[in-house]
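Have a look at the structure below before the remarks.
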Amino acid sequence: MDLRYEAFCFADRRFYDLQSSTENDLPGDDYSRELPALPDGWVQIERNVWRHLHPQGVQLPKQGWKVHVSAGLDNAAKVLRTTFDYCTERRIPFKYLRTISIVLARNSKYAPREGSGKLITIYPVDAEQLRTITTELGELLDGEHGAYVLSDLRFGKGPLYVRYGGFSEQWLEVDGQRVLAIEGPDGTLVPDTRKPVFSVPEWVELPEFLAPHLAERNAGDLARFPYEIRRSLHFSNGGGVYLATRKSDGREIVLKEARPHAGLDREGRDAVARLEREHEILTRLRGVKGVPEVYDRFTEWEHLFVAMEFMPGRSLGQWLGMNYPLTHKEATDEKLADYKERALALIGRVEELMARVHERGVVFGDLHTLNILVDEDDEVSLIDFELSSTIEDVHRPTLGAPGFQAPADREGFEIDEHPLAALKLWIFLPLNTVLELAPAKLPQHVRVVKERFGLGDEYCRSIVDVLTPRVDPPADPAFTEFDEENPDWTVVRKEIATAILHSATPHRGDRLFPGDIEQFEVGGTCFGYGAAGVLHALDVSGEGRYAEHEDWLLKAVRTDPPKQPGFFVGAHGIAHVLENFGHHDAATELVESYAPLVPATRDHGLSAGLAGIGLNLLHFANTRRDEAFAVQAEQLAERLARQLADAPGPGDKAKAGLLHGWSGPALFFLRMFEHTTERRWLDLAEQSLERDLAETMVALDGSLQVRDGTFRTLPYVGIGGAGIALVLTEFAAVAPDRPCAEQLPGLLSGCTGEFVIQPAFTLGRAGLLATLAHAARHRPDAGLDRAVGRHLRALGWHAVRFGDGIAFPGVQLRRLSMDLNTGGAGVLLAIASTVDDRAPLPFLGSRTPVLTDR
């Protein structure tokens, strides 16, 4: 699970957003109210969550040693005021987190660990000033507390930490991802490593005065630590969970670690307070079957540790992933009946275990799929009691799993009854998170599981009665046009477009349409996550052009230009859309201004790399009948051919697929063959597809999917079998006798599963739908047609009413998204491609002549 999304859920209940827009600030939340006016000669700049303060005339290097100042919620204002006075008096540049809410979000349990604890960043001009700042400010802040900054070296025992890194933003492309960079000794950019462990670039010498502090950091006495850590099981910002061995007797145990002042909940309680509570609760539950026995509690290196019994099994979430029949290509009545029997038995065991816990007067408080373990005999146990409380002193959890946390009106044991009812629904349709966005969808989801699994009325009533909101219950079920016996797809398209247009925020400069959190990294103008892709989808689907939004895009690419040249995440995707809309000068300017960055682009993929750029140059060559663009495209194709020859074999982490694998270059080579009729390009397309096919494996249901790690398989477009299938479909139409074409049916069967967790185009149902429809157009198939029909109707499982239209949740289903990769624009494009025979994406859908011989 990508833990970054948690921090983007604080600002808005509907959409992922930064906590940087003043429209999201709470009254009295801004730390500026605690500070005096800036002295003359200072510049203040707001940038995302930070407020930068810089004295005029002070020139900083591009990189160097920086100081981070940590604090807790309770002393942050005091620490900030002291640091503010110190730095302004001495004209030292610094920045600080703008609001209390931002500090809470960045120190919450699931915030990124490498950024935790940083309230203030100070920029010394050199190592000598670094020494002065740490010494003087360290004395002023002596005794103040704050979360340990894991990426840094602590200075003394106080809240000051140091690390070497970039001062100004420089970016580098690594494996298709943009990462912050610093300059090496020869001026070459290298990654500015920001991991939750202190490190120094190999060419940088640690200042001598920091040596004792490094020695202190490394002085931990592992010999007297009573447990031997074997491996980590889980990390969060609050600490770690480890599988360990007790040295005294060799017993295998689980060791939980809690960091002080870190892993905050919404009431400001830290991980230590929660682990203390877990120890108390486990002591009270000693002897209850299915609850781990607690062995030990101690403090080491300022962290609290609790040792407890290791419980066998895998999480219920993993169990469902292995056994849920609707993800497989064929869900027979027999398989559904077997799963129903087994699932009901599991639910019964969880109910029995919860009853035993309640008998001891304990409210578990955090019942969800990751805290229930299932062993090989389907026996269950509970783990993670840090949010539990006693019935005599019930503490309402302020953390909790999306889709399972009880609403505020539940009391006592009702706090557990709500997630238990949610579990009874989830085990048959694991989309509970959608109900947090739209509680009115509950009757629809219950109807789906009742009809599909033959569940009884009493079971279904037990879900509805508990999960229906008591405060302001929805007046009507959230049924949409998808639920009609014969949906009117014109109505569906119109309603999706209505929701997209209703979400527009033209007053904001950073984004026009709310989408995935990636838009805050790559920019709100790009094709995959920003305005360009949304406007493309509206136009291609027949839902119109919008001059005011095109004007926003034209202005935004000048005021906040893209950071890279790639297609889905950079300049070429925007240029493609502007070119098709007739804004030729702006499109030309983008292509030409980013041309100097193309030689440094090493990524081969369609999203950020050479394949997407090359395909767009070919598009310009065709639309403008200008062979100069084709010459540039051919140069990139030659570079890609050399990269393909040197490409390493498959790794542990999947990349194969349309956006990041070699299927993108395969499409580019196929279009080069179309443009030139030179067969070497067709051969290279085949080799590229074979490179991606080397990352596939036979999944549990017998289909062909991309291997991710040891057991997990992916069917999706961005990374997955569908992304390969989209290109292989067109390749097979040109060269049906090539051996790789034989793999197409297996890939397509991986796209037919009835259940898909997300509706998105690049990593969800919409992409699978578009892939099957694209294949069926090339070679009609009744089985593919049936799967297409199922996918079209099942998009309604995710459809949420918004602004008199229909919207869809994005990644992790926690917030709505309108972008092309993860949200409504991608769903709209997939439906238009399926129903109206439109191209599923740019560069797909061309009718290349069939190769008659080899």
Side-chain angles (χ1 to χ4, degrees), residues 1-2 4-5 8 14-16 327 402 430-431 433-434 437-438 482 492-493 496-497 499-500 503 513-519 521-522 526-530 532-534 536-538 540-541 568-569 573 606-607 654 657-660 705-706 708 714-723 725-726 750-751 753-774 788 790-800 802 806-834 840-841 844:
M1 184 175 68
D2 190 337
R4 296 177 302 159
Y5 284 83
F8 292 85
R14 284 281 191 180
F15 302 108
Y16 292 120
T327 59
L431 293 177
T433 311
V434 177
L437 285 170
F482 285 102
V492 170
R493 290 195 305 274
I496 297 174
I500 291 172
S503 75
F513 300 103
D516 189 71
I517 67 172
E518 288 293 334
Q519 67 180 192
E521 185 67 39
V522 300
C526 69
F527 188 86
Y529 302 106
V534 175
H536 166 84
L538 289 169
V540 169
S541 65
F568 271 77
V569 292
L606 180 59
S607 178
L658 186 64
L659 294 189
H660 306 290
Q705 300 183 28
V706 169
D708 187 32
L714 304 173
Y716 306 118
V717 165
I719 296 178
L726 276 171
C751 301
E754 187 174 344
F755 178 81
V756 187
I757 190 67
Q758 295 176 150
F761 195 108
T762 58
L763 68 168
R765 186 185 297 278
L768 306 186
L769 166 66
T771 300
L772 294 172
H774 189 58
V788 165
R790 286 196 301 268
H791 279 316
L792 279 171
R793 297 292 296 273
L795 280 169
W797 298 354
H798 291 90
V800 171
F802 175 76
I806 297 174
F808 294 87
V811 174
Q812 297 190 7
L813 309 181
R814 300 188 64 182
R815 296 293 186 268
L816 301 177
S817 172
M818 301 297 173
D819 68 38
L820 188 144
N821 274 10
T822 72
V827 175
L828 177 63
L829 196 60
I831 292 173
S833 171
T834 301
L841 282 173
L844 288 167

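When a residue number appears, it is its place in the shown sequence, counting from 1.
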Self-check item: Ionic contact status for Arg4 with Glu518, cut-off 4.0 Å
Solution: yes
For [X] and [Y], work out which heavy atoms get closest and say how close.
X: Gly515; Y: Ser817; value: CA-OG, 3.4 Å
X: Met818; Y: Ser503; value: CG-OG, 3.3 Å
X: Thr771; Y: Cys751; value: CG2-SG, 4.2 Å
X: Ala807; Y: Leu816; value: CB-CD1, 4.0 Å
X: Pro759; Y: Val827; value: O-CG2, 3.6 Å
X: Gln519; Y: Phe513; value: NE2-O, 3.2 Å

Under 4.5 Å between any side-chain heavy atoms of [X] and [Y], yes or no?
X: Leu792; Y: Leu769; value: yes
X: Val756; Y: Tyr716; value: yes
X: Phe808; Y: Ile496; value: yes
X: His798; Y: Pro809; value: yes
X: Leu795; Y: Val492; value: no
X: Phe802; Y: Arg14; value: yes

Self-check item: Residue from Leu828, Leu829, Val534 passing side chain to side chain contact (heavy atoms under 4.5 Å, CB included) with Leu820
Solution: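 Single pass found, and it is Leu829.
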Self-check item: Residue among Ile719, Val811, Asn821 satisfying side chain to side chain contact (heavy atoms under 4.5 Å, CB included) with Leu763
Solution: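 Going through Ile719, Val811, Asn821 one by one, the side chain to side chain contact (heavy atoms under 4.5 Å, CB included) with Leu763 is satisfied by Val811 alone.
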Any chance you could measure [X], atom [atom1], to [Y], atom [atom2], to the nearest 0.5 Å?
X: Leu813; Y: Leu437; atom1: CG; atom2: CG; result: 8.0 Å
X: Leu431; Y: Gln758; atom1: CG; atom2: CD; result: 10.0 Å
X: Tyr529; Y: Phe568; atom1: OH; atom2: CZ; result: 9.0 Å
X: Arg790; Y: Leu768; atom1: CZ; atom2: CG; result: 12.0 Å
X: Glu521; Y: Asp516; atom1: CD; atom2: CG; result: 11.5 Å

Practice problem: I would like to know whether Trp797 and Arg765 meet side-chain contact (heavy atoms from CB on, under 4.5 Å); could you show each step before the answer? | Solution: CA-CA 11 Å; Trp797 298 354; Arg765 186 185 297 278; 3.7 Å; yes
Quiz item: After noting the C-alpha distance and the side-chain angles of Gln812 and Tyr16, does the key distance pass the side-chain contact (heavy atoms from CB on, under 4.5 Å) rule?
Solution: CA-CA 11 Å; Gln812 297 190 7; Tyr16 292 120; 3.9 Å; yes
Quiz item: Do the ring planes of Phe527 and His536 sit parallel (below 30°), tilted (30 to 60°) or perpendicular (above 60°)?
Solution: tilted
Practice problem: Give the C-alpha distance, both sets of side-chain angles, the deciding distance and a yes or no for side-chain contact (heavy atoms from CB on, under 4.5 Å) between Leu841 and Leu658. | Solution: CA-CA 11 Å; Leu841 282 173; Leu658 186 64; 3.6 Å; yes
